[in-house]
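As structure tokens, the structure follows; a few thoughts come after it.
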Amino acid sequence: MYGSAKSRVQLQKQDSSHKLPRMPLTDDQRQAIKVSYAKLAENPTKYGNELFIRLFADFPDYKDIWPRFRAIPDSSIVGSDQLRTHATVYMKGLGTIVSKIENEEELQDIIKKIAQAHIKFNISRSHVEHMAPCLLAVLKNANGSIDPGTKEAWEAFFEIFGDVLVQLTKGR
């Protein structure tokens, strides 16, 4: 599991209105996320495709999570318009999160909104945990390398996102 139990404890202290507690990211982690994402923002479709190709290579059954991919043979998904579109939307969402990373309230709002959009596809904490190494590999390729602090920052972010998914799923 990524990060510490502290973030899960903070998220469990939610009230009935689903107001999320402070995102347990340090200022250094927020900056590392912002700086490392900048290269991906230069060509989000390319890097988004790379991320999903890695994810589907490691977890082929994940392709079936999204209805738009189910009819596409595995051998055709890499070059499909559906993958390109999904990758672009994913990277746009990630870019929005990164753009809000320094504003606590806006960050909470966008993470909650994106997490809620994924609940209908039964996205779980494990799906999010499996996404993290794929994004880290893409970040490493795009940036040439990533330092341990940047890796830790992204892992903490994905843990937070997974916690929010769990929290919102329980509140249904």
Side-chain angles (χ1 to χ4, degrees), residues 1-4 6-52 54-55 62 65-66 68 83-136 138-139 142-143 146 149-172:
M1 187 63 56
Y2 301 120
S4 68
K6 181 180 176 185
S7 66
R8 274 190 290 290
V9 169
Q10 287 176 325
L11 286 169
Q12 290 169 354
K13 293 180 181 177
Q14 162 190 344
D15 66 24
S16 61
S17 68
H18 296 304
K19 174 74 173 143
L20 301 176
R22 186 181 182 291
M23 296 287 123
L25 292 170
T26 67
D27 290 341
D28 287 345
Q29 288 174 323
R30 291 169 194 259
Q31 188 63 24
I33 287 170
K34 193 173 177 179
V35 169
S36 64
Y37 182 79
K39 187 69 173 173
L40 301 186
E42 293 174 11
N43 195 341
T45 300
K46 171 188 170 187
Y47 293 118
N49 271 343
E50 184 180 335
L51 184 144
F52 279 97
R54 288 175 179 277
L55 182 69
Y62 281 18
I65 291 171
W66 295 276
R68 70 180 63 148
L83 181 62
R84 213 170 5 268
T85 300
H86 188 75
T88 302
V89 169
Y90 176 88
M91 293 302 283
K92 181 179 179 189
L94 193 57
T96 300
I97 289 169
V98 172
S99 75
K100 309 291 185 194
I101 200 91
E102 293 174 353
N103 183 312
E104 188 66 32
E105 196 170 310
E106 290 179 4
L107 179 61
Q108 287 181 7
D109 289 345
I110 194 64
I111 287 176
K112 182 178 176 182
K113 180 180 176 184
I114 291 172
Q116 285 173 324
H118 285 77
I119 291 172
K120 67 183 171 192
F121 297 110
N122 294 315
I123 301 294
S124 68
R125 177 192 304 279
S126 66
H127 295 117
V128 173
E129 290 171 353
H130 294 150
M131 181 70 76
C134 297
L135 180 66
L136 289 169
V138 171
L139 283 165
N143 290 296
I146 55 170
T150 299
K151 180 179 183 284
E152 181 181 299
W154 280 103
E155 288 173 342
F157 165 76
F158 277 101
E159 180 178 353
I160 290 165
F161 193 89
D163 288 346
V164 171
L165 272 173
V166 167
Q167 189 176 28
L168 292 174
T169 302
K170 287 179 181 177
R172 288 168 97 188

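Just so we're clear, the structure is a prediction, and the values are computed from it rather than from any experiment.
With values rounded to the nearest 0.5 angstrom, Ile119 atom CD1 is found 12.5 Å from Ile114 atom CD1. Separating the CD1 atom in Ile97 from the CZ atom in Phe161 is a distance of 6.0 Å, to the nearest 0.5 Å. Between the CD1 atom of Ile111 and the CD atom of Gln116 there is a distance of 12.0 Å, given to the nearest 0.5 Å. Considering CG of Leu165 and NZ of Lys170, their distance stands at 12.0 Å, rounded to 0.5 Å. For the atom pair OH of Tyr62 and SG of Cys134, the computed distance is 9.5 Å after rounding to the nearest 0.5 Å. Atom OG in Ser124 sits 8.0 Å away from atom CD in Glu129 (nearest 0.5 Å).
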Full working for salt bridge (charged side-chain N to carboxylate O under 4.0 Å, His left out) between Lys46 and Glu50: CA-CA 6 Å; Lys46 171 188 170 187; Glu50 184 180 335; 5.9 Å; no
Could you check Asp109 against Lys112 for side chain to side chain contact (heavy atoms under 4.5 Å, CB included), going step by step and ending with a plain yes or no? CA-CA 5 Å; Asp109 289 345; Lys112 182 178 176 182; 5.9 Å; no
Which is it for Phe158 and Met131 under the side chain to side chain contact (heavy atoms under 4.5 Å, CB included) test, yes or no, and what are the steps along the way? CA-CA 8 Å; Phe158 277 101; Met131 181 70 76; 3.7 Å; yes
Could you walk me through whether Asn143 and Thr150 satisfy the side chain to side chain contact (heavy atoms under 4.5 Å, CB included) test, starting with their C-alpha distance in whole Å, then the side-chain angles of each, then the deciding distance to 0.1 Å, before giving a yes or no? CA-CA 11 Å; Asn143 290 296; Thr150 299; over 6 Å; no
Under the criterion side chain to side chain contact (heavy atoms under 4.5 Å, CB included), I'd like the reasoning laid out for Trp154 against Ile146: C-alpha separation, chi angles, the key distance, then a yes or no. CA-CA 11 Å; Trp154 280 103; Ile146 55 170; over 6 Å; no
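No donor-acceptor pair closer than 3.5 Å links the side chain of His118 to the backbone N or O of Ala115. Side-chain N or O atoms of His127 include none that pairs as donor or acceptor with a backbone N or O of Ile123 at under 3.5 Å. In this structure, Arg30 contributes its side chain and Leu25 its backbone to a donor-acceptor pair below 3.5 Å.
Between Gly48 and Ala87, the closest heavy-atom pair is C-CB, 3.3 Å. Taking every heavy atom of both residues into account, Leu55 and His130 meet most closely at CD1-O, 3.9 Å. For Lys100 against Leu107, the heavy-atom pair with the smallest separation is O-CB, 3.5 Å.
Relative orientation of the Phe121 and Trp66 rings is tilted, given thresholds of 30° and 60° on the angle between their planes. The aromatic rings of Phe52 and His86 stand perpendicular to each other, their planes meeting at an angle above 60°, with 30° marking the opposite boundary.
Using a 4.5 Å heavy-atom cutoff, the side chains of Arg84 and Asn49 are in contact. Counting heavy atoms from C-beta on, the side chains of Ile65 and Asn122 never come closer than 4.5 Å. When side chains are defined from C-beta on, Tyr37 does not count as touching Ile101, because their heavy atoms never get closer than 4.5 Å.
The salt bridge (charged side-chain N to carboxylate O under 4.0 Å, His left out) search around Lys34 returns Glu102, not counting sequence neighbours. Legend: residues meeting side chain to side chain contact (heavy atoms under 4.5 Å, CB included) with Ala142, ordered by chain and number and at least two apart, are Lys39, Leu40, Tyr47.
Test Leu139, Leu94, Leu135 against Leu51 for side chain to side chain contact (heavy atoms under 4.5 Å, CB included) and you get one pass: Leu135.
Under the 3.5 Å distance criterion, with hydrogens and angles disregarded, a donor-acceptor pair is assigned to the side chains of Thr88 and Thr45.
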